[in-house]
Amino acid sequence: MTDPDHVDHVGGVEVSDLISATEDLLGQPVLKASCPGGRDRAVFRMFLEDRTVIVSRRDNTKGAAREKRILEHLAPLTPHFPQLLGERAGFLFQTDMGPVSLANTMGALPKAERGDLFEQAIVSVFQYQRQIGRPVAAADVPVLFARAQDRRYFVEGPLRTAEVFGAALTGYDPAAIAAEFLPTDAYFLKWDNRFANAAVSDAGIIGWFDFEDSFLGAGYEDLAWLAADEYHALPFAEIYPRFVRRIEEVHGGAAPLVLRRFHLMSSLLIALRVRRIGRHLWKKGRWYTKQEIDRSDRVGAHPDMMQALLLRGQNFAAMEKETWALTSMYQQIHDQLLAARSE
């Protein structure tokens, strides 16, 4: 019988070369290689006699160098990150945080239990940020929005989202939000910490991976990524009180300001995820199945995920005057896609 996980050539990598590099570095025979990120990404799970390891090679050389520095200097400070095992022939080797992504773990749970796992993810963000503290200089992690043009581009994102869907967006002032996102180096930001970029270890620890886009920032930004992840499809009413409770617990008297900026960042990140799903739909002309998304970490272009994300976006956008205009945009997109599904 053919092994469905068997691969020969993935993401520009000859797997035979990767096997040789793995055996050379770790001194053990490789029993099997699989590609958990799909067959167009050079990310591999290598099966050895006593363990599995993750091996990756990135086309983005700056991102690859950043990830290596983070694994070298910051990952040893927290059990929530994989540990660096070494580098060979351009491949980065790291410990495996778990065979099942946090996204798939949540999807397999009864709906009544998903909220508790979501809260564990919130707690894990606060834990790795406090365990790392102010990142060591040797990690050389860039500060989010250190360049004004990057901040401006980010806050203008909803305008691009409206354009993708041909939706009207009036009364939205990007500059008013940009003033809230001044650069700071207070905490390490995993960034892009979606549920597909984490796993639950056998010890029950949520471990995060993929650091090519990591930054330094205020801290709430990683919480906003959790709120903006389309995959979990949890409703606003289920997750928001959990954020409030944990933010108030950690930040005390500063919680109202942190919550305000968390609201704003969540609104913009939801706009980003909606935009990416929209671009997929116009390019591919179809939704993904849940099986496709589960297997290869695809963007959550599934009607149920998109509907839940748009409703969550409306709730977050309605919380601050600067994002109120987005509520109408999300409603327009929702109605447009609903009509498309009924044709």
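Position 1 is the first residue of the sequence, and the numbers go up from there.
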Taking salt bridge (Lys or Arg N to Asp or Glu O under 4.0 Å) as the test, write out the residues that go with Arg114, two or more places apart. none
Please identify each residue that fulfils side chain to side chain contact (heavy atoms under 4.5 Å, CB included) with Val30, with sequence neighbours left out. Ile19, Thr22, Glu23, Met46, Leu48
Output all residues satisfying side chain to side chain contact (heavy atoms under 4.5 Å, CB included) with Ser20, sequence neighbours left out; order by chain, then residue number. none
Can you tell me which residue pairs pass the ring pair (Phe, Tyr, Trp, His ring centres under 6.0 Å) test with a partner in residues 158-180, sequence neighbours excluded? Phe165-Trp282
Counterpart residues, side chain to side chain donor-acceptor pair (under 3.5 Å), relative to Ser328 (two or more places apart): Gln332
What pairs with Arg273 under salt bridge (Lys or Arg N to Asp or Glu O under 4.0 Å), at least two apart in sequence or on another chain? Glu230
Inter- and intrachain pairs under salt bridge (charged side-chain N to carboxylate O under 4.0 Å, His left out), touching residues 257-268, at least two apart: Glu180-Arg260, Glu180-Arg261, Arg260-Glu320, Arg260-Glu322
Restricting to side chain to side chain contact (heavy atoms under 4.5 Å, CB included), what partner residues turn up for Glu163, sequence neighbours left out? none
Quick one: do the Gln331 and Asp335 side chains pair a donor with an acceptor below 3.5 Å? yes
Could you tell me which residues satisfy ring pair (Phe, Tyr, Trp, His ring centres under 6.0 Å) with His263, sequence neighbours excluded, listed by chain and number? Tyr240
Those residues at least two apart in sequence (or on a different chain) that pass salt bridge (Lys or Arg N to Asp or Glu O under 4.0 Å) with Glu238 are Arg242
Just jot down the side chain to side chain contact (heavy atoms under 4.5 Å, CB included) partners of Thr327, sequence neighbours excluded, or say none. Ala317, Ala318, Trp324
For Asp185, side chain to side chain donor-acceptor pair (under 3.5 Å) partners two or more places apart: Arg134
